[in-house]
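Single-structure report; data block below.
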Amino acid sequence: MSKNQEAASLKAGDHLILVDGSTFIFRAYFQASTMDAKYQKRKSDGLPTGAVQIFCNMLWKLLQEGLTPEPGDEPTHMAVIFDHSAKTFRNEIYNEYKAQRPEPPQDLIPQFGLIRDATRAFSVHCIEQEGFEADDIIATYATQAAKAGARVTIASGDKDLMQLVGPHVGMIDTMKNKIIGEPEVYEKFGVGPDKVIEVQSLAGDSVDNVPGVPGIGLKTAAQLINEFGDLETLLANASSIKQPKRRENLIEFAEQARISKQLVTLKCDVPVELPVAALAVEDMNGPRAIAFLKAMEFNTLTRRVAEATGAEISAIEPAELVVRGWHEPDGKGRIMEGAPASDPADPPAEPNKASLAADPASAGEWTAADLAAARAEAARAAKVDNSAYETVRDMERLRAWIEDAFETGHVAVDTETTSLDAMQADLVGISLATAPGKACYIPLGHVDGEGDLLGGGGLVEGQIPLKDALDALKPMLEDRSVLKIAQNLKYDWLVFHRYGIDVAPYDDTMLLSYTLDAGKGGNGMDELSERWLGHTPIPFKEVAGSGKSMITFDKVTIDKATAYAAEDADVTLRLWRVLKPRLAAEHMAAVYEVLERPLVPVLARMEQRGISIDRQMLSRLSGEFAQGMARLEAEIHELAGKPFNIGSPKQLGDILFGEMGLPGGKKTKTGAWSTSASVLDDLAAEGHELPARIVDWRQLSKLKSTYSDALPGYLNPQTGRVHTSYSLASTTTGRLSSSEPNLQNIPVRTEEGRKIRKAFVAEKGHKLVSADYSQIELRVLAHMADIPQLRKAFEDGLDIHAMTASEMFGVPVKDMDPMVRRRAKAINFGIIYGISAFGLAAQLGISRGEASDYIKTYFERFPGIRDYMDATKKFVHEHGYVQTIFGRKAHYPEVNTSNPNLRSFYERAAINAPIQGSAADIIRRAMIRMEDRLERAKLSARMLLQVHDELIFEVPEAEVDRTIPVVREVMEKAAEPAVDLAVPLQVDARAAANWDEAH
DNA sequence: CCTGCCCCATA
DNA sequence: GTATGGGGCAGGA
């Protein structure tokens with residue numbers, strides 16, 4: 001209930017306080033920096049909070065007593081106004097405006113977001129609007145309120161706002177505790193508030209880079225304005241000025257003065273999103289404010305707020321906050337670019353761990369690992385009861401759940417839809433969970449499954465209209481003070497985005513699990529539930545069936561849907577409680593925050609954009625391939641002496657090695673003849689024709705079935721484009737994977753295959769730009785293993801395989817035999833793959849002994865590589881995991897198996913993972929930074945695809961030349977500043993109408 | 001109808 | 001020798 005809820009209005013006698021958040025942040029920061037160091041950082045982890053603390057104290061004071069301690073002065077309406085971004089309409093007028101602003105100090109950056117969080121935590125409106133400065137919004141609100149007869153106080157020290165002072169409008173400089181009225185304005189500018197802009201347009205402002213007129217300062221400007229009345233009159237009479245220099249300047253820089261006036265004139269008619277009446281002060285939500293203050297560790301203010309609101313401090317958990325832009329050394333010399341603000345190292349009391357939590361005073365001695373262990377134990381002990389969930393059928397109950405989410409500060413969310421494809425999924429219902437066991441399902445689109453023949457399919461009774469529910473949920477789903485928790489958030493993000501909702505901030509339990517446990521098993525919800533909760537969730541097929549008889553979720557009865565869907569939210573929340581504290585305990589927060597979490601919306605947007613394919617071209621190709629196959633088929637049957645199914649390896653093996661009696665080489669692991677390409681190639685090399693034709697046939701068959709036939713089936717009817725789905729959590733190394741369709745294995749090696757690639761095209765007026773890292777894995781290896789020759793070769797831009805050959809075989813690079821280079825290349829790849837004589841022999845078609853000799857020679861030339869490999873093997877056997885240069889872990893729990901083949905396999909995988917994984921981390925970093933960098937360069941390039949070491953963009957033709965350098969810069973610098981690579985990264989980029997020519 | 005196997009496309 | 005996803009076949013349900 002708001003104090004003014006009965007009248008969401010603003011009238012004479014009301015008091016509106018408008019806090020200028022943006023300038024306040026800077027001034028609070030500098031004031032904090034003059035204080036004792038202990039007031040500038042959060043004690044538990046060093047998060048800089050000085051400015052936030054000063055801000056909170058100021059806000060609390062204003063809310064309690066207004067400008068003066070006198071009763072009746074406290075505000076009836078209040079808001080804190082921020083600048084949305086650096087760009088405003090003023091830059092359109094004068095592009096140098098505020099161009100000289102330096103970058104904010106490093107330890108201020110994380111506090112920008114926290115101050116906004118603080119505002120909301122105090123239940124005060126937090127206002128910012130794209131394209132407008134805070135000053136303009138303040139001017140608009142002040143003008144409207146003054147017109148309504150209310151009293152307005154602007155809390156700011158910014159002289160630009162002094163033009164607003166008037167009978168109804170005052171200012172207070174809260175930093176200096178100074179009240180500014182008309183006399184003070186006169187003192188500062190030498191004119192009244194109504195003439196302030198005239199003076200400023202002449203005098204200019206070096207801080208904001210407002211030019212003014214050269215040679216005219218505040219004093220002269222005031223004198224001139226007092227004499228002539230306003231700028232235009234002055235300029236019209238400039239020729240009558242006595243002082244020659246001043247006269248010349250006024251004439252020469254008249255236009256500059258007019259521009260300056262536009263710059264300093266505040267806009268009083270911003271189309272504000274919230275009407276001024278809606279800024280009414282609400283009763284403070286004590287627990288919410290306390291949760292925030294506790295997270296910040298502002299103990300004194302926490303106590304004061306608790307006393308004033310009657311809230312119980314110990315019953316409230318610190319808020320889970322997301323901090324942007326915080327660089328914290330995490331103990332391993334790596335850099336944190338963002339971090340969870342709630343520090344589980346200072347955990348709340350855990351009711352399930354009585355022995356540890358009995359004395360709240362001892363809570364401070366908990367370690368993050370204690371909390372994680374207690375949470376894991378509690379999660380396993382608690383039972384999941386999926387019959388106890390609520391079905392939310394009216395707005396009243398929905399609002400209660402939303403309120404609960406605001407109170408708790410976090411909520412697990414899950415969407416139920418009509419499709420597994422997020423791009424085509426319509427919302428059927430939403431489930432929420434705010435505490436273990438406390439979950440609900442909100443049915444929104446369930447239809448009558450009966451009477452399919454007679455139409456049926458009408459909405460079932462007892463559901464909130466979709467729009468009403470989304471309107472109510474949107475503010476909570478977008479509110480920075482409520483952490484949304486989902487399992488595989490990318491899916492729900494895409495669904496919500498289609499309905500105009502931008503979910504933030506968020507956590508993803510799938511990514512938490514992936515960050516912590518990659519390689520230990522799957523990260524799907526059902527599997528995690530088994531692993532951590534000892535609970536089997538209701539299988540999807542139990543509610544919707546499977547196979548041909550599967551029904552879409554909108555046909556599921558609401559009772560069944562509630563048990564299934566609310567359970568998902570409940571389980572997700574429980575998993576989050578187990579996994580989140582482990583991030584801090586196991587020092588993996590940096591990996592999660594820097595490499596995992598930020599990628600979710602980036603990938604979601606890439607999926608959403610999709611890519612154009614030329615359907616006619618593919619259809620024509622299918623025809624070509626079919627013809628070729630038919631021709632080959634006849635030939636093959638002729639050669640075989642009888643018809644058989646060429647696509648059947650079993651039948652083919654029987655023909656080749658049985659009936660024809662060719663020398664069968666390898667067997668598969670089930671004992672069947674191998675008919676793999678390498679076997680057939682060997683036979684062909686001996687002059688046998690049939691195997692050669694089979695290889696040709698197989699190629700066409702693959703291209704046709706996997707690509708030219710299948711791809712058009714993935715065209716989205718709405719967008720006319722193909723939208724792949726990226727998986728963030730299905731590789732052990734940190735690579736992404738792509739499916740439905742897989743656009744990471746589009747052919748490129750053969751001429752025929754590249755025809756498929758040509759069918760990926762840019763839309764009209766655009767080009768596809770492909771940018772790929774050159775030899776990134778070998779560069780990463782050169783860095784990690786610290787190999788001087790390799791480092792030098794990359795620094796000098798040499799042909800790395802030729803250099804390797806030269807080192808190994810003692811031949812000059814110039815006029816090198818291509819076969820020699822090819823051998824070296826195979827060895828280089830072999831190294832990355834954890835080389836074995838067996839594998840290298842197979843690759844090069846040489847004997848095991850020869851391959852062994854090569855490897856031996858290689859290690860003699862590059863002893864650092866052998867050292868690196870031995871060290872990696874030792875490490876994985878001791879720890880069960882290996883790490884990338886950014887700290888990502890890949891686990892190999894079975895590496896100590898007694899099975900020697902398996903053991904070697906895991907060892908090779910463990911050697912490969914840091915190399916492949918570090919390269920994957922680098923491109924992830926590039927992708928995360930890319931969109932912002934393009935936007936800041938005012939480029940409209942859209943990132944569409946990632947293929948491990950390559951990014952594909954769609955770029956307007958006119959922007960291609962400006963886009964490529966930006967893309968290259970972001971990619972080449974992607975490791976910085978976290979890692980200073982000892983070798984340069986090189987990116988090759990090209991533009992063309994289709995993917996083949998761009999690549 | 002589902003699953004394992006074989007083969008093959010990519011980095 | 002590393003990491004994936006997917007199509008077709010064949011066998012067991």
Side-chain angles (χ1 to χ4, degrees), chain A residues 518-519 541 545-550 644-653 666-680 694-695 697-707 709-711 713-714 724-727 730-750 752-754 756-757 772-773 775-777 781 826-844 848 851 854-855 869 882 890 892 901 904-917 919-920 923 945-950 999:
Chain A
K541 59 174 190 242
S546 65
K548 214 174 145 193
S549 61
M550 186 162 77
F644 69 102
N645 185 347
I646 305 170
S648 165
K650 184 169 143 36
Q651 291 183 33
L652 177 63
K666 290 183 288 184
K667 293 282 189 81
T668 67
K669 64 177 156 199
T670 49
W673 293 112
S674 170
T675 65
S676 69
S678 67
V679 170
L680 300 181
I694 301 283
V695 170
W697 183 91
R698 283 229 183 114
Q699 193 202 5
L700 295 183
S701 165
K702 174 78 177 176
L703 293 175
K704 182 170 188 289
S705 67
T706 308
Y707 303 105
D709 284 354
L711 282 171
Y714 288 103
T724 184
S725 174
Y726 287 104
S727 170
S730 51
T731 72
T732 306
T733 53
R735 274 194 179 178
L736 304 179
S737 75
S738 158
S739 62
E740 293 177 79
N742 181 355
L743 297 185
Q744 290 180 324
N745 70 346
I746 300 302
V748 72
R749 288 177 196 188
T750 66
E752 290 296 290
R754 281 198 294 274
I756 302 283
R757 206 166 261 241
D772 67 300
Y773 285 106
Q775 307 285 5
I776 188 170
E777 293 187 346
L781 177 66
I827 293 168
N828 277 334
F829 274 93
I831 295 296
I832 291 169
Y833 297 155
I835 205 145
S836 76
F838 186 86
L840 184 63
Q843 176 67 31
L844 287 175
R848 286 270 300 276
Y854 283 171
I855 294 170
M869 288 184 163
V882 289
Y892 296 93
N901 286 336
S904 297
F905 169 74
Y906 288 126
E907 286 172 350
R908 290 193 298 273
I911 287 167
N912 172 255
I915 304 169
Q916 188 186 111
I923 198 168
L945 303 177
Q946 189 250 40
V947 190
H948 309 310
D949 64 358
E950 174 188 15
H999 183 74

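Atom set for the values below is all heavy atoms of this structure, side chains included, hydrogens, waters and symmetry mates excluded. Lettering follows sequence order; numbering is per chain, from 1.
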Determine: side-chain N/O of [X] to OP1/OP2 of [N], distance under 4.0 Å, yes or no.
| X | N | answer |
| --- | --- | --- |
| Arg908(A) | dT2(C) | yes |
| Thr731(A) | dA3(C) | no |
| Ser701(A) | dG8(C) | no |
| Ser648(A) | dA10(C) | yes |
| Ser730(A) | dG5(C) | yes |
| Ser676(A) | dC8(B) | no |
| Asn645(A) | dC9(C) | yes |

Is any N or O donor-acceptor pair between the side chain of [X] and the base of [N] shorter than 3.5 Å?
| X | N | result |
| --- | --- | --- |
| Lys650(A) | dC9(C) | no |
| Arg749(A) | dA9(B) | no |
| Gln744(A) | dT4(C) | no |

Review point. Is there a side-chain contact between Leu743(A) and Leu711(A) (heavy atoms, below 4.5 Å)?
Key: yes
Review point. Are any of the side-chain heavy atoms of Gln916(A) and Ile832(A) separated by less than 4.5 Å?
Key: no
Choose from [options] the nucleotide whose nearest atom is closest to any side-chain atom of [X].
| X | options | value |
| --- | --- | --- |
| Ser739(A) | dT4(C), dG6(C), dC5(B) | dG6(C) |
| Thr668(A) | dA3(C), dC6(B), dT4(C) | dC6(B) |
| His948(A) | dA3(C), dC6(B), dA11(B) | dA11(B) |
| Arg698(A) | dG7(C), dC8(B), dA3(C) | dC8(B) |
| Glu740(A) | dA9(B), dT2(C), dG6(C) | dG6(C) |
| Thr675(A) | dT4(C), dC7(B), dG1(C) | dC7(B) |
| Gln651(A) | dA9(B), dG1(C), dA10(C) | dA10(C) |
| Val748(A) | dC8(B), dC9(C), dT10(B) | dT10(B) |
| Tyr707(A) | dA9(B), dC8(B), dA11(B) | dA9(B) |

Identify whether any heavy atom of [X] sits under 4.0 Å from a base atom; if not, whether one sits that close to sugar-phosphate; answer base, sugar-phosphate or nothing.
| X | result |
| --- | --- |
| Asn745(A) | base |
| Ile832(A) | nothing |
| Ser904(A) | nothing |
| Ala826(A) | base |
| Leu736(A) | nothing |
| Ala677(A) | sugar-phosphate |
| Gly834(A) | nothing |
| Thr706(A) | sugar-phosphate |

Practice item. Of all the heavy-atom pairs spanning Lys667(A) and Gly671(A), show the shortest one and how long it is. Key: CD-O, 3.3 Å
For atom [atom1] of [X] and atom [atom2] of [N], their distance in whole Å:
| X | N | atom1 | atom2 | result |
| --- | --- | --- | --- | --- |
| Phe838(A) | dG1(C) | CZ | C1' | 10 Å |
| Glu752(A) | dA9(B) | CD | P | 12 Å |
| Leu703(A) | dG6(C) | CG | P | 17 Å |
| Lys704(A) | dA9(B) | NZ | P | 16 Å |
| Lys702(A) | dC6(B) | NZ | C1' | 11 Å |
| Asn742(A) | dA11(B) | CG | C1' | 11 Å |
| Gln916(A) | dT10(B) | CD | P | 17 Å |
| Leu781(A) | dA11(B) | CG | P | 20 Å |

Review point. Can we say Glu752(A) and Arg698(A) salt-bridge, meaning some charged N sits less than 4.0 Å from an Asp/Glu carboxylate O?
Key: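 Answer for the salt bridge query: no.
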Check your understanding: Between Ser725(A) and Ser739(A), does any side-chain donor sit less than 3.5 Å from a side-chain acceptor?
Key -> no
Check your understanding: Any side-chain donor-acceptor pair under 3.5 Å between Ser678(A) and Lys666(A)?
Key -> yes
**Study point:** Check: Pro741(A) main-chain N/O paired with Thr724(A) side-chain donor or acceptor under 3.5 Å
**Key:**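 Pair found, side chain donor or acceptor close to backbone of Pro741(A).
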Review point. Under the side chain to side chain donor-acceptor pair (under 3.5 Å) criterion, do Thr731(A) and Ser737(A) qualify, and how do the steps go?
Key: CA-CA 7 Å; Thr731(A) 72; Ser737(A) 75; over 6 Å; no
